[in-house]
Amino acid sequence: MKTICVLISGSGTNLQALIDACANGTIPDTRIGLVVSNRSAAYGLERARIAGIATFTQTLKSHKDAGKTRADFDADLASSIRAEFAKNTNNAALDLIVLAGFMHILSPVFLAAFETTPIINLHPALPGQFDGANAIGRAYEAFQAGVVSETGVMVHRVIAEVDRGDVVLVERVPILASDTLESLEQRIHEVEHGIIVRGALAILTL
Ligand SMILES: Nc1nc2c(c(=O)[nH]1)N[C@@H](CN(C=O)c1ccc(C(=O)N[C@@H](CCC(=O)O)C(=O)O)cc1)CN2
Ligand SMILES: NCC(=O)N[C@@H]1O[C@H](COP(=O)([O-])[O-])[C@@H](O)[C@H]1O
């Protein structure tokens, strides 16, 4: 049995895709041992609770209010993940960390704490294009400006440089002249829900 940890910040539709894939065997012999959010209002936390998955929340605001730095946040996040994961999985091995819409840039402090655990991220852009937040909106604007003719979604390994880790999987997504930002977002989200499952499976079966 493989055991994974999923980090989220929002609605958790990609988390739900992973929950469903583990439940229906698309990702065989695998369970999600812990869901972690940096936002207490993330609906993905409710999705986890409905699925009977342990959750943990740590917000940057709470650390800043306590006079702590981003480095403190990342160090505390790493140690909390290890402790909460062990507590909720009976000390299972942590086989994979998946960033599923996790909107916090992880520092080398965090990455060093998990140097033997693969960490992957879902990013709604093609490699080398639109790194960072709001990638879909920037791709849409670039299309309107005639700079790009398509966009995509990738799953990549997480390194210190944001969205520049080795690509695990990538899928191109067309942008249509008739597209609104909302229709493009919908098309991209549908691709995300598949590629995040295939990306996790690719790493778990190495
Ligand atoms: N070290 C890494 N950390 C993260 C990566 C990565 O590749 N390396 N991927 C991101 C996910 N992501 C894009 O895929 C991303 C998310 C958020 C941001 C960002 O600018 N975050 C701001 C806060 C934004 C907010 O709270 O709304 C910040 O961290 O200050 C950039 C890229 C996850 N982390
Ligand atoms: N840089 C990463 C990034 O921008 N991720 C974005 O966060 C959303 C999370 O949705 P979800 O909470 O419904 O899974 C995803 O749709 C993805 O586009």
Side-chain angles (χ1 to χ4, degrees), residues 5-21 32 35-48 50-51 53 55 57-64 69-75 77-78 81 97-115 117-140 151-171 173 175 181-197 199-200 203:
C5 178
V6 183
L7 277 54
I8 64 168
S9 298
S11 61
T13 61
N14 287 285
L15 166 65
Q16 190 65 58
L18 291 169
I19 291 171
D20 296 345
I32 300 171
V35 169
V36 179
S37 179
N38 67 333
R39 295 181 185 167
S40 49
Y43 184 70
L45 291 168
E46 183 60 18
R47 294 180 191 272
I50 291 169
I53 300 168
T55 65
T57 300
Q58 182 178 299
T59 66
L60 191 57
K61 181 181 186 305
S62 62
H63 268 60
K64 287 182 175 176
T69 67
R70 279 185 75 110
D72 295 330
F73 177 90
D74 282 27
L77 184 64
I81 287 173
I97 295 175
V98 183
L99 309 187
F102 186 65
M103 302 306 284
H104 174 85
I105 298 174
L106 294 168
S107 68
V109 166
F110 182 94
L111 303 177
F114 293 103
E115 60 184 3
T117 302
I119 307 176
I120 61 175
N121 177 57
L122 171 75
H123 186 57
L126 292 173
Q129 282 192 351
F130 310 116
D131 296 342
N134 191 34
I136 302 173
R138 287 184 285 142
Y140 184 72
T151 186
V153 183
M154 65 174 169
V155 172
H156 64 87
R157 289 189 181 261
V158 172
I159 61 174
E161 191 179 5
V162 175
D163 299 330
R164 290 303 172 110
D166 290 344
V167 176
V168 176
L169 287 175
V170 60
E171 187 168 333
V173 178
I175 307 176
L181 175 58
E182 292 69 27
S183 62
L184 176 60
E185 285 174 335
Q186 180 61 36
R187 188 177 309 118
I188 285 178
H189 292 336
E190 288 167 4
V191 171
E192 288 175 335
H193 300 157
I195 200 171
I196 194 168
V197 169
I203 301 298

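Counting starts at 1 for both ligands and their atoms, in listed order. Note that the structure is a prediction, hence the values are computed from the model and not measured.
- The side-chain contact (heavy atoms from CB on, under 4.5 Å) test applied to Pro127 returns Met154, Val167, Val170, not counting sequence neighbours.
- Panel note: side chain Asp74, backbone Ser107; a donor-acceptor pair is recorded below 3.5 Å.
- Under a 4.0 Å heavy-atom criterion, His156 is in contact with ligand 1.
- At a heavy-atom cutoff of 4.0 Å, ligand 1 is contacted by the side chain of Leu99 but not by its backbone.
- Gln186 and His189 form no side-chain donor-acceptor contact under 3.5 Å, judged by distance and modelled atom types alone.
- Between the Arg47 side chain and the Ser11 main chain, a donor and an acceptor come within less than 3.5 Å of each other.
- The single protein non-hydrogen atom nearest to atom 7 (O) of ligand 1 is Asp163 N, 2.8 Å, given as residue, atom name and distance.
- No donor-acceptor pair under 3.5 Å is formed between the side chain of Arg70 and the backbone N or O of Leu60.
- Heavy atoms of Arg39 found under 4.0 angstrom from ligand 1 belong exclusively to the side chain.
- Summarising the geometry, atom CD belonging to Gln129 is positioned 9.5 Å from atom CG belonging to Asp131; distances are rounded to the nearest 0.5 Å.
- The protein residues lying under 4.0 angstrom from ligand 2, judged by non-hydrogen atoms, are Gly10, Ser11, Gly12, Thr13, Asn14, Gly101, Met103, Leu122, His123, Pro124, Gly132, Ile136, His189, Glu192.
- Less than 4.0 angstrom separates some heavy atom of Val158 from each of these atoms of ligand 1: 2 (C), 6 (C), 8 (N).
- Exactly one residue among Asp163, Val158, Val155 makes a side-chain contact (heavy atoms from CB on, under 4.5 Å) with His123. That residue is Asp163.
- Within ligand 1, the atoms closer than 4.0 Å to a non-hydrogen atom of His104 are 4 (C), 17 (C), 29 (O), 33 (C), 34 (N), numbered from 1 in the order shown.
- For Glu115, the side-chain contact (heavy atoms from CB on, under 4.5 Å) test picks out no residue, with sequence neighbours left out.
- The protein heavy-atom contact nearest to atom 21 (N) of ligand 1 is Met103 O, 3.7 Å.
- In this structure, Ile159 is part of the shell of residues with a heavy atom less than 4.0 angstrom from ligand 1.
- For ligand 1, the atoms closer than 4.0 angstrom to any heavy atom of Ala133 are 31 (C), 32 (C).
- If you number the atoms of ligand 1 from 1 as listed, the ones under 4.0 Å from a heavy atom of Phe102 come out as 11 (C), 16 (C), 33 (C).
- In terms of protein heavy atoms, atom 18 (C) of ligand 1 is closest to Ile105 CG1, 3.8 Å.
- In terms of protein heavy-atom proximity, atom 3 (N) of ligand 1 is closest to Leu106 N, 3.0 Å.
- At a 4.0 Å heavy-atom cut-off, ligand 1 touches Asn121 through the side chain alone.
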query: Going through the checks in order, is the side chain to side chain contact (heavy atoms under 4.5 Å, CB included) test met by Thr55 and Ser37?
result: CA-CA 8 Å; Thr55 65; Ser37 179; over 6 Å; no

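- Here CD1 of Ile8 is found 10.5 Å from CD of Gln16. Values are rounded to the nearest 0.5 Å.
- Separating the CG atom in Leu18 from the CD1 atom in Ile32 is a distance of 5.5 Å, to the nearest 0.5 Å.
- Proximity of Arg70 to ligand 1, defined as any heavy-atom pair under 4.0 Å, is confined to the side chain (atoms from C-beta onward).
- The atoms of ligand 1 that sit less than 4.0 Å from any heavy atom of Ala160 are 1 (N).
- Rounding to the nearest 0.5 Å gives a distance of 10.0 Å between CD1 of Ile119 and CZ of Phe102.
- Atoms of ligand 1 found under 4.0 Å from any heavy atom of His123, numbered from 1 in the order shown, are 13 (C), 14 (O).
- Between His104 and Phe73, the angle of the ring planes lies from 30° to 60°, which puts this pair in the tilted group.
- One distance of note links OG of Ser183 with CG of Leu181; it measures 8.0 Å at 0.5 Å rounding.
- The salt bridge (Lys or Arg N to Asp or Glu O under 4.0 Å) check on Asp72 picks up nothing, with sequence neighbours excluded.
- From the protein, the heavy atom lying nearest to atom 32 (C) of ligand 1 is Gly132 CA, 3.5 Å.
- The atoms of ligand 1 that sit less than 4.0 Å from any heavy atom of Val162 are 6 (C), 7 (O), 8 (N), 32 (C).
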